[in-house]
Amino acid sequence: MTVDEHIAALHAFMRADHEEYIAQVRGWAESAEADGHVAAARQHRAHVGRLEAMDKPWEASPRPA
C-alpha cells in the first residue's frame with residue numbers, strides 16, 4: 001500500500017466515523033425534542049452545527065508531490 005493509499009484509507013475511516021457521530025448527536029437532539037427537553041435539544045443541535053463546521057482533513061487539498 002502506498003502512502004497516498006494509506007492516507008486515503010485513513011481519511012475514509014475518519015469521514016465515516018465523523019458522519020456516524022453527527023448522526024448519533026442528531027439522534028440525541030431528536031430524542032430530547034420528543035421528550036420535551038427543549039434546552040437539551042438546542043444544545044445537541046448546536047453541537048451538530050459545530051461538528052459540521054469543523055475543519056475536516058479529508059476535505060483538505062492534496063499534499064504536494
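The structure presented is a predicted model; accordingly, all values stated were derived computationally and were not measured.
One hydrophobic cluster, built from ILVMFWY side chains closer than 4.5 Å, cannot hold both F13 and M1; they sit in different ones. M54 and I22 fall within a single hydrophobic cluster, where Ile, Leu, Val, Met, Phe, Trp and Tyr side chains are chained together by heavy-atom contacts under 4.5 Å.
For H37 (side chain) and A29 (main-chain N/O), no donor-acceptor pair under 3.5 Å exists by modelled atom type. In this structure, the side chain of E5 engages the main chain of T2 through a donor-acceptor pair within 3.5 Å.
Comment: E19 engages R15 in a salt bridge, judged by a side-chain N to carboxylate O separation of less than 4.0 angstrom.
Contacts classified as salt bridge (charged side-chain N to carboxylate O under 4.0 Å, His left out) and involving residues 36-51 (residues at least two apart or in different chains) are given here: E33-R45.
Taking the six-membered ring where the residue is Trp, the centroids of H47 and Y21 are separated by under 6.0 Å.
A 6.0 Å sphere centred on CD of E20 holds no more than 12 heavy atoms belonging to other residues, nucleotides or ligands.
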